[in-house]
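Below: the structure, in structure tokens.
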Amino acid sequence: MLFSELLLEWFSVHGRQLPWRNCGNPYHIWVSEVILQQTRVSQGMDYFLRFVEQFPTVEALAAAPLDAVMKSWQGLGYYTRARNLHKAAQLIVNDYGGELPNSYKELLKLPGLGPYAAGAVASFAFHEPVPAIDGNVYRVLARVFGVFDSPGTGAGKKAFYTLCSEVMDHENPHLFNQAIIDFGALQCTPGRPDCAPCPMRGLCYAEANGLQTSLPTKERELKVRPRYFHFIMARWRGDTFIELRQGKDIWHSLYQFPLIETKERVEPEDFTQSEEFQELVGIDCTVTHISEEKRQLLSHQELFIRFYIVELHTLPYALLQDYQRVPIDGVDGYQVPITIANYLAAEEAGEYFRCSSGKMED
DNA sequence: AAGACGGGGTA
DNA sequence: TACCCAGTCTT
């Protein structure tokens, strides 16, 4: 039996039923593909359901304020996806008459749609026979056909694209692409795949040669950069101060408390004496709470985060000029990094701090 | 080609 | 802890 025949047979038994599958709604398919980039189904499901309920159509998404879209995305990560989704929706309404482009080539032009997502939408929604190659597909193809090219290189990507074009079912591209993705996610898993009951047994190169854990070939390991964040929750008559993050750094378009970053670890006693800190909050204030150091691991960064609560007695110009003044209990209405959302929730429950008045309690 | 970009699950 | 995940964009 052919690879694609085995695959579709497996899919008819084990394939997942998902709300965006075979729904006949290109908009839903598009949204789901963007949400699921580098994100597991279990993690993205609730976000998808909430997103399409809040923004039911391309027009609704295009008309929505970016803030609302970002808020809906809060906690999902890779926030550029949300901004691109919003931008693409406006593009579709303004330049495409409100209809999603129906070809791989045109879809690829939209911001946030790369080769994988364009192929996925083109095949799932419009049945165009193009590959949709994600991490699952690289893994399945590498193992079954014994491909040693690395997906991390340009030549490797091309090799996988060519191979996939050859072995796919051109009559049922939508089923084939869904099937190979599900097969990678459920059967041909990254770690120790469960090869005993696998229908590809006998056909699979990696299984025959015991190379399951060596394929696909992997690339370089990544370096992690440490960063030290000191967030200042400055209180003034029931209000505090926040700002919208801009620029190319992490958390673009999310809100945060005034932030002072240091290259090295700085202990709280030293930090509150630092010039930078005193310039921000002024001299006439009291540091009432200092949190423990929270550690957050990103793919390329290791963040060490501490929160300071400062009671202001006068209003420093630096805060007034560069930050938005908002009610303290209104902060959770803004889209914020997940670490700040956690802080807000914990602080409300009185759980976050173990030191106060700048002195350690234990 | 390499780096940046999140957050969560798994061995 | 280390790796990986329904990737894309910028440099």
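Note on naming: letters A, B, ... go to the chains in the order of the sequence lines (proteins, then strands), and numbering restarts at 1 for each one.
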Take A:Glu292 and A:Arg306 through the salt bridge (charged side-chain N to carboxylate O under 4.0 Å, His left out) test and state the conclusion after the steps. CA-CA 6 Å; A:Glu292 298 177 64; A:Arg306 217 185 270 280; over 6 Å; no

Please step through side chain to side chain donor-acceptor pair (under 3.5 Å) for the pair A:Tyr116 and A:Glu33, ending with a clear verdict. CA-CA 9 Å; A:Tyr116 164 72; A:Glu33 288 308 328; 2.7 Å; yes

Decide yes or no on side chain to side chain donor-acceptor pair (under 3.5 Å) for A:Ser72 and A:Arg50, but give the supporting numbers first. CA-CA 8 Å; A:Ser72 181; A:Arg50 264 189 288 121; 4.8 Å; no

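Residue contacts for A:Trp20: at a heavy-atom cut-off of 4.0 Å it reaches a base atom on one of the strands shown. Among the heavy atoms of the strands lying under 4.0 Å from A:Arg139 are primed sugar atoms or P, OP1, OP2 only; no base atom is included. When heavy atoms are screened at a 4.0 angstrom cut-off, A:Val41 is found touching base atoms of the nucleic acid. Residue contacts for A:Gly44: at a heavy-atom cut-off of 4.0 Å it reaches no nucleic acid atom on any strand shown.
Atom-to-atom, CZ of A:Phe51 to P of C:dA6 comes out at 21 Å; the value is rounded to the nearest Å. Atom-to-atom, CD1 of A:Ile340 to P of B:dG7 comes out at 11 Å; the value is rounded to the nearest Å. In this entry the distance linking CG of A:Leu76 with C1' of B:dC5 reads 13 Å, nearest Å. Separating the CD atom of A:Gln43 from the P atom of B:dG8 is a distance of 6 Å, rounded to the nearest angstrom. The separation between A:Gln17 atom CD and C:dA6 atom P is 18 Å, rounded to whole Å. Between the CG atom of A:Asp249 and the C1' atom of B:dG3 there is a distance of 13 Å, given to the nearest Å. A:His28 has its NE2 atom 18 Å from the C1' atom of C:dA6, to the nearest Å.
Cation-pi geometry between A:Arg265 and A:Phe304 is satisfied (NZ or CZ under 6.0 Å from the ring centre, within 45° of the ring normal).
Neither side chain, A:Glu207 nor A:Gln212, offers a donor N or O lying under 3.5 Å from an acceptor on the other.
Applying the side-chain hydrogen bond (donor to acceptor under 3.5 Å, both in side chains) test to A:Asn84 and every residue at least two apart in sequence or in another chain returns nothing.
Annotation: C:dA6 and B:dG3 have their C1' atoms spaced 22 Å apart (nearest Å). To the nearest whole angstrom, the two P atoms, one in C:dT11 and one in B:dG6, are 15 Å apart.
Here A:Tyr47 and A:Trp73 keep their ring centres 6.0 angstrom or further from each other. Side-chain rings of A:Phe183 and A:Trp10 approach one another, their centers coming within less than 6.0 Å. Checked against the 6.0 Å centroid threshold, A:His174 and A:Phe124 do not count as a close aromatic pair.
The residue among A:Arg192 and A:Arg81 whose nearest nucleotide of DNA chain B is located toward the 5' end is A:Arg81. The residue among A:Ala155 and A:His252 whose nearest nucleotide of DNA chain B is located toward the 5' end is A:Ala155.
The listed nucleotides are B:dG6, C:dA6, B:dA1; the one nearest the side chain of A:Tyr79 is B:dG6.
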Within the sub-3.5 Å range, which N or O atoms of nucleotides 7-11 of chain C have a protein N or O partner, and how far apart are they?
from   : atom 1 : to       : atom 2 : distance (Å)
C:dG7  : OP1    : A:Gly135 : N      : 3.2
C:dG7  : OP2    : A:Gln38  : N      : 2.8
C:dG7  : OP2    : A:Gln38  : NE2    : 3.0
C:dG7  : O5'    : A:Gln38  : N      : 3.2
C:dT8  : OP1    : A:Gly114 : N      : 2.7
C:dT8  : OP1    : A:Gly114 : O      : 3.4
C:dT8  : OP1    : A:Ala117 : N      : 2.9
C:dT8  : OP2    : A:Pro115 : N      : 3.4
C:dT8  : OP2    : A:Tyr116 : N      : 3.1
C:dC9  : OP1    : A:Gly112 : N      : 2.4
C:dT11 : OP1    : A:Lys248 : NZ     : 2.0

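Between the CD1 atom of A:Ile309 and the CZ atom of A:Phe307 there is a distance of 10.0 Å, given to the nearest 0.5 Å.
Against DNA chain C, the stretch residues 171-189 of chain A makes heavy-atom approaches under 4.0 Å through A:Ile181, A:Ala185.
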